[in-house]
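This report concerns only the one structure given below.
Each chain gets a letter, A, B and so on, in the order the sequences are listed, and its residues count up from 1.
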There are 2 protein chains.
Amino acid sequence: MKRSGSISQENYLKAIFKLQHEHGIASNQAIAEKLAATPAAVTGMLHKLTELDWIDYTAYQGAKLTAKGRQIATSTIRKHRLWEVFLVEKLQFKWDAVHQWAEELEHIGDANFTNRLDAFLGCPSTDPHGDPIPDSNGDWKGNERVFSADALTRKQKFTVRGVSNSASDFLRHLDALKIQLGKHFEVMDFFPFDGSWEWKDDQGIPIRVSREVAGQLLVEAIPTNRGNENQES
Amino acid sequence: MKRSGSISQENYLKAIFKLQHEHGIASNQAIAEKLAATPAAVTGMLHKLTELDWIDYTAYQGAKLTAKGRQIATSTIRKHRLWEVFLVEKLQFKWDAVHQWAEELEHIGDANFTNRLDAFLGCPSTDPHGDPIPDSNGDWKGNERVFSADALTRKQKFTVRGVSNSASDFLRHLDALKIQLGKHFEVMDFFPFDGSWEWKDDQGIPIRVSREVAGQLLVEAIPTNRGNENQES
DNA sequence: ATAAATATTTAAGCTCACCTAAACAACTGC
DNA sequence: GCAGTTGTTTAGGTGAGCTTAAATATTTAT
Ligand SMILES: [Mn+2]
Ligand SMILES: [Mn+2]
Ligand SMILES: [Mn+2]
Ligand SMILES: [Mn+2]
């Protein structure tokens, strides 16, 4: 089996997929920004993707994926995230170094290839940044209990579940703070002056976290034993 | 670190590298055949590679790699063969299915990436087809004791070491004959009529091997205990 | 409602890597 | 040595995916 679309086409579909989730529709400008291209280039490609029936596109309105377009987009995202797991788990890359390579690897391999990679990696459900990995049908279960760390409240215990920004400098900053996915913390204090926090980790070691960091960190609250609000059976 | 050359350029360097080994120089026509392109396309690319100082090229004469060109070529071959090992050993692909994917994967990753992949695979010295894997300096030790199976002699015991043709249909034919790399055989008979052979494997099971198969199979003789000709200390 | 600002499309042109067809150079046979 | 064959290069052109600049559509502000 060959690649569904060209590398460029797959990148467009991926961008449209993500923008559609955020804004309901992908505007020309937003696509252009995400792909570091000019709006003129985007218009041209949107025409081509419309021809291929991978998007529905109305001039001046924006683009939405068709079923086939969505399938290609999610399969590309699946490959991207599986390769990132491979690079971290098997090749020992740091989590801030894998995106650039995954951006190339995601365009290689068919469904059979991807399923073998998936099996080899033990069918992981999230990538090294906490993002969910779609299954071969393009479906995945998001964790609804995850929310941005800037919405935490005092005394709350929580687990770090992901990042909403995968930029290298942010990830390296988290390394410096010894903040890793899966690690447990408790909110000690919040400082309205600058929006910063004091948390303490499972060893009782305190850290200071800026508003910028908390705003891009995804966490899941740990229900307290006595507190029983919003508990799922 | 980014890719040394474009994908197309790397494919040209790889082709020139192999042709140079076979014929001392890479002719326009031979390159064109290997890359399934027209001679006119090759001339154009040879000009570009000359500009980049990756080849020495004299019009109407042919191309030879410079030191830098050789470095890029061997590093691409290294990546190709390491990925083939990965696909067979880790993703359980059959040896006739890996070349197509390696042809794409070989263009991804820098030296650090490749060295990590190499380490993860346990620094293999040959790929699934018995071809040697260059080290990070582009050097490798060929096995001089390897020769084509059609030069075997009666009663000779030998080990299958590689194939000089990696085409899928040939590899699948070897699978059907249960001929695998590393397997031991003994020559039972040779039939000059059609150039075919009878061999028997380490279980004593006899197989018939055609001239076409023997001519593309690489083997290494197993020295007999009493015979001591050409023995290295 | 209209003017200004913003977003999008069209127009023209670029680079890369390829193609075909024609011109040209280099070998080959005698 | 010259004709014919083979191999190579040049000339002209294509398509994908870009660019900038100009034209046009849409949205926002007054
Ligand atoms: Mn990524
Ligand atoms: Mn990509
Ligand atoms: Mn191969
Ligand atoms: Mn290749």
Could you list the protein-to-nucleotides 18-24 of chain D atom pairs, N/O on both sides, closer than 3.5 Å?
unit_1	atom_1	unit_2	atom_2	d
D:dC18	OP1	A:Ser8	OG	2.8
D:dC18	OP2	A:Tyr12	OH	3.4
D:dT19	OP2	A:Thr38	N	3.0
D:dT19	OP2	A:Thr38	OG1	2.7

For B:Ala214 and B:Ser148 the tightest heavy-atom approach is O-OG, 3.6 Å
Does any donor atom in the side chain of A:Trp101 or B:Asp110 lie under 3.5 Å from an acceptor atom in the other side chain?
-> no
Respond yes when some side-chain nitrogen or oxygen of A:Ser6 is under 4.0 Å from OP1 or OP2 of D:dG17, and no when none is.
-> yes
What integer distance in Å separates A:Asn28:CG from D:dA25:C1'?
-> 13 Å
Nearest-angstrom distance from the residue atom CD of A:Gln61 to P of D:dT27 | 6 Å
Side chains of residues 30-45 of chain A: which donor-acceptor partners sit under 3.5 Å, not counting sequence neighbours?
unit_1	atom_1	unit_2	atom_2	d
A:Thr38	OG1	A:Ala41	N	3.3
A:Thr43	OG1	A:Asn28	ND2	2.9
A:Thr43	OG1	A:Pro39	O	3.2

Verify the distance criterion only: is there a donor paired with an acceptor across the side chains of B:His80 and B:His99 at less than 3.5 Å?
-> yes
Does any N or O in the side chain of A:Ser210 come within less than 3.5 Å of the main-chain N or O of A:Ser196, such that one atom is a donor and the other an acceptor?
-> no
Between D:dG17 atom C1' and A:Leu35 atom CG, what is the distance in whole Å?
-> 12 Å
From CA spacing to verdict: side-chain contact (heavy atoms from CB on, under 4.5 Å), B:Arg3, A:Glu104 = CA-CA 11 Å; B:Arg3 206 200 324 280; A:Glu104 303 187 39; 3.7 Å; yes
To the nearest Å, give me how far apart CZ (B:Arg3) and C1' (C:dC16) are.
-> 14 Å
Quickly work out the A:Ile25 CD1 to C:dA7 C1' distance and round it to whole Å.
-> 14 Å
Using a heavy-atom distance cut-off of less than 4.0 Å, which residues of residues 48-59 of chain A contact DNA chain C?
-> A:Tyr57, A:Ala59
What's the NE2-P distance between B:His23 and D:dG7, to the nearest Å?
-> 13 Å
Whether B:Trp83 and B:Phe113 hold their rings parallel, tilted or perpendicular, with breakpoints at 30° and 60° = tilted
Evaluate side-chain contact (heavy atoms from CB on, under 4.5 Å) for A:Thr74 paired with A:Phe17, printing each intermediate quantity in order.
-> CA-CA 8 Å; A:Thr74 53; A:Phe17 178 87; 3.6 Å; yes
B:Phe158 vs B:Leu152, side-chain contact (heavy atoms from CB on, under 4.5 Å): CA-CA, chis, key distance, verdict = CA-CA 9 Å; B:Phe158 63 93; B:Leu152 283 164; 3.6 Å; yes
For atom CD of A:Glu10 and atom P of D:dG17, their distance in whole Å | 11 Å
Interatomic distance, A:His47 NE2 vs D:dG15 C1' [rounded to whole Å] = 18 Å
